[in-house]
Amino acid sequence: MPTQEMAPLIPHLCVADGAAAMEFYKKAFDAEEVMRVPDKDGKRLMHGEVRINGALVYVHDDYPEMCGGKSTTPKSLGGTPVTIHLNVANCDEAVKKAVAAGATVTYPPMDAFWGARYGQVVDPFGHEWSFSHVLKR
């Protein structure tokens, strides 16, 4: 049973420690935990849901045995080509909060040519996040 009316797009993040990732997202992005379904092994997170900035994000532990024996976390793949973007009230504060929770800055906040304050971090699980707010004219 879905936890909300079906959203048109929901990121589904594979991580090495789903429970820790959900806690990080709560601290870094003020995520609201919607639900978590632990695996019967008692160690992994089969399915978790958090709401970040009003959007639903799914989180689950790595299951190499379901993927031909290959890990599919960003760290195991050598990074990710995907950046998850958040429009925020204050880019600098959002980056600062993410770093305080354990993220690493990959692109310090700056005034971008397209009229936004913009910055990027990578979370402890290898997922990239960007933040921006519109600059006042």
Side-chain angles (χ1 to χ4, degrees):
M1 182 156 111
T3 55
Q4 70 175 24
E5 226 175 280
M6 294 306 287
L9 178 68
I10 302 172
H12 200 153
L13 307 180
C14 179
V15 296
D17 185 342
M22 289 185 64
E23 293 308 312
F24 169 81
Y25 298 139
K26 287 192 240 180
K27 289 177 190 161
F29 308 136
D30 293 327
E32 169 196 344
E33 183 171 326
V34 177
M35 70 177 295
R36 68 172 77 194
V37 180
D39 194 317
K40 59 186 171 193
D41 68 11
K43 298 174 186 167
R44 294 183 288 182
L45 180 68
M46 184 183 309
H47 178 77
E49 296 180 14
V50 292
R51 192 173 319 283
I52 300 174
N53 227 17
L56 200 57
V57 176
Y58 293 165
V59 179
H60 68 88
D61 265 300
D62 195 20
Y63 282 85
E65 68 273 23
M66 303 283 214
C67 300
K70 295 172 103 178
S71 175
T72 58
T73 68
K75 286 186 173 185
S76 70
L77 298 171
T80 176
V82 176
T83 301
I84 303 159
H85 182 75
L86 297 172
N87 291 312
V88 295
N90 185 308
C91 174
D92 295 80
E93 290 302 315
V95 168
K96 207 180 287 185
K97 186 171 187 167
V99 168
T104 302
V105 173
T106 55
Y107 200 97
M110 59 85 164
D111 292 349
F113 69 87
W114 58 87
R117 184 81 176 155
Y118 180 86
Q120 287 184 347
V121 301
V122 63
D123 71 27
F125 311 95
H127 292 284
E128 292 186 4
W129 299 81
S130 63
F131 309 92
S132 74
H133 69 260
V134 175
L135 291 172
K136 294 179 183 167
R137 303 215 179 234

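Quick note: numbers below take in every heavy atom, side chains included, and nothing from hydrogens, waters or symmetry partners. Residue indices begin at 1 and follow the sequence shown.
Here side-chain hydrogen bond (donor to acceptor under 3.5 Å, both in side chains) pairs that include residues 11-24, with residues two or more places apart or in two chains, are Glu23-Lys26, Glu23-Arg36.
Pairing each heavy atom of Pro64 with each of Ser71, the nearest pair is CB-N, 4.1 Å. Heavy atoms only, all atoms of each residue included: Lys27 and Ala101 are closest at CB-CB, 3.9 Å. Listed here is the closest heavy atom pair of Pro74 and His127: CG-CE1, 3.4 Å.
For the pair Asp62 (side chain) and Thr72 (backbone), a donor-acceptor distance under 3.5 Å is present. Judged by distance alone, with hydrogens and angles left aside, the side-chain atoms of Asn87 form no donor-acceptor pair with the main-chain N or O of His133 at under 3.5 Å.
Using a 4.5 Å heavy-atom cutoff, the side chains of Glu49 and Leu56 are in contact. No side-chain heavy atom of His60 sits less than 4.5 Å from a side-chain heavy atom of His47.
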Under the side chain to side chain contact (heavy atoms under 4.5 Å, CB included) criterion, do Tyr107 and Ser130 qualify, and how do the steps go?
CA-CA 9 Å; Tyr107 200 97; Ser130 63; over 6 Å; no
Would Lys43 and Asp61 count as a salt bridge (Lys or Arg N to Asp or Glu O under 4.0 Å) if you check the C-alpha gap in whole Å, the side-chain angles of each, and the deciding distance to 0.1 Å?
CA-CA 9 Å; Lys43 298 174 186 167; Asp61 265 300; over 6 Å; no
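Annotation for Val88: hydrophobic cluster partners, listed by chain and number, are Leu13, Val15, Met22, Phe24, Tyr25, Phe29, Leu45, Val50, Ile52, Val57, Val59, Ile84, Leu86, Val95, Val99, Val105, Val121, Phe125, Trp129, Phe131 (ILVMFWY side-chain heavy atoms under 4.5 Å, direct or chained).
Atoms CD and CE, from Gln120 and Met110 in turn, are 9.0 Å apart once rounded to the nearest 0.5 Å. Rounded to the nearest 0.5 Å, atoms CG (Asp123) and NZ (Lys75) are 8.0 Å apart. Taking CG of Asp39 as the reference point, atom CZ of Arg44 lies at 5.5 Å (rounded to 0.5 Å). For the atom pair NZ (Lys96) and CG (Asn90), the distance works out to 8.0 Å, reported to the nearest 0.5 Å.
A donor-acceptor pair shorter than 3.5 Å can be found between the side chains of His85 and Ser132. Counting only N and O atoms by type, the side chains of Glu128 and Thr83 include a donor and acceptor under 3.5 Å apart.
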